[in-house]
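Here is the structure we will look at, set down as structure tokens.
Heavy atoms only: backbone and side chains are in, while hydrogens, waters and symmetry mates are out.
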Amino acid sequence: MKHIALFCLLCAACLPAAASAMTMEELLASPGRYRVLYADEAETVYADMTTVRRASRSGGAAFSGTLYAAVYKYRPGPADYRRGTLTANIQRYDARLTADGETRTYRLDKKLTDVWDRDSRRIGGSAWCGPLSLADGAPLFRNLWLAAETGSAGERPNR
């Protein structure tokens with residue numbers, strides 16, 4: 001009986017981690033919520049717009065929120081393209097982006113919180129030793145500012 005109770009406790013402890021796993025399907029299915037801020041051959045960085053908060057600072061602006069980096073395989077082969085298995089992992093960050101209007105500099109402070117493989121299994125947390133997102137503060141800040149200004153996924157700012 002003690003073994004069954006212990007098993008139930010362990011299963012209950014694992015449910016929140018399994019429920020919060022991120023997948024590429026979820027990132028791509030909600031473009032209004034998960035906005036692409038940056039993309040290159042190594043990764044795509046998404047912002048969860050439901051978590052983005054804007055803060056005013058003297059001489060600049062700041063945003064905080066959750067960012068997801070979909071990191072691609074280093075050398076994908078034809079089979080990866082055929083099967084759609086280009087993603088190596090998805091990383092979640094608590095991030096703060098700041099801009100200094102006087103010096104025109106941008107700063108990205110980020111803290112890795114979770115890492116999932118392409119099958120949505122948790123493979124790491126803040127102590128994960130794999131390659132991290134290399135996205136820079138300047139393009140992330142500009143694109144996050146535009147995304148926050150436009151509101152929904154289909155709108156574009158007036159020019």
Side-chain angles (χ1 to χ4, degrees), residues 7-54 62-99 106-159:
F7 177 75
C8 291
L9 276 173
L10 287 174
C11 288
C14 292
L15 281 178
S20 65
M22 180 56 68
T23 64
M24 281 305 297
E25 289 79 19
E26 187 175 347
L27 287 171
L28 297 173
S30 302
R33 178 175 177 182
Y34 301 109
R35 299 291 299 265
V36 174
L37 299 183
Y38 174 83
D40 65 12
E41 66 278 353
E43 67 183 339
T44 301
V45 177
Y46 301 84
D48 183 347
M49 296 305 290
T50 62
T51 65
V52 172
R53 302 290 176 255
R54 176 184 247 159
F63 289 98
S64 63
T66 302
L67 300 180
Y68 292 94
V71 179
Y72 303 121
K73 288 183 176 178
Y74 176 63
R75 292 191 175 192
D80 293 314
Y81 286 98
R82 203 170 33 255
R83 286 183 255 151
T85 57
L86 295 175
T87 306
N89 61 65
I90 298 173
Q91 303 166 6
R92 179 171 61 192
Y93 294 91
D94 289 334
R96 181 170 174 81
L97 288 154
T98 55
Y106 303 90
R107 182 178 171 140
L108 170 62
D109 296 315
K110 62 185 179 182
K111 179 185 174 203
L112 181 67
T113 58
D114 283 304
V115 182
W116 300 279
D117 67 6
R118 70 175 165 270
D119 297 321
S120 69
R121 291 184 299 243
R122 188 170 189 273
I123 57 173
S126 60
W128 191 60
C129 298
L132 300 174
S133 171
L134 297 176
D136 190 11
L140 290 178
F141 184 88
R142 286 191 297 265
N143 292 330
L144 185 56
W145 182 82
L146 286 171
E149 289 294 311
T150 60
S152 67
E155 294 179 25
R156 293 186 183 204
N158 294 333
R159 297 186 189 245

With a 4.5 Å limit on heavy-atom distance, are the side chains of [X] and [Y] in contact?
X	Y	answer
Lys110	Ser133	yes
Tyr46	Leu28	yes
Lys73	Asp80	yes
Glu43	Ile90	no
Asp48	Tyr34	yes
Thr150	Arg35	yes
Val45	Val36	no
Thr44	Tyr72	yes

Quiz prompt | Check against side chain to side chain contact (heavy atoms under 4.5 Å, CB included), Asp136 and Tyr38 | solution = CA-CA 9 Å; Asp136 190 11; Tyr38 174 83; over 6 Å; no
Donor-acceptor pair, [X] side chain versus [Y] backbone, under 3.5 Å?
X	Y	answer
Thr51	Thr66	yes
Asp40	Ala42	yes
Thr113	Arg92	yes

[X] side, atom [atom1]; [Y] side, atom [atom2] - distance, nearest 0.5 Å:
X	Y	atom1	atom2	result
Arg122	Asp114	CZ	CG	4.5 Å
Gln91	Leu132	CD	CG	5.5 Å
Ile123	Asn89	CD1	CG	5.0 Å
Thr85	Asp119	OG1	CG	9.5 Å

Any idea which heavy atoms bring [X] and [Y] closest together, and the distance?
X	Y	result
Arg96	Thr98	NE-CG2, 4.0 Å
Ser120	Thr23	CB-CG2, 3.5 Å
Leu112	Gly125	CD2-O, 3.3 Å
Gly137	Leu97	O-CD2, 3.9 Å

Practice item. Report the C-alpha separation of Leu144 and Met49 in whole Å, then their side-chain angles, then the decisive distance to 0.1 Å, and conclude whether the side chain to side chain contact (heavy atoms under 4.5 Å, CB included) test is met. Key: CA-CA 9 Å; Leu144 185 56; Met49 296 305 290; 4.1 Å; yes
Exercise. Kindly assign one of parallel, tilted or perpendicular to the pair Tyr106 and Phe141, based on the angle between their ring planes and the thresholds 30° and 60°.
Key: tilted
Next on the checklist: For Arg54, is the CZ atom crowded, meaning more than 12 foreign heavy atoms sit under 6.0 Å from it?
Outcome noted: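 Buried by this count: over 12 neighbours within 6.0 Å.
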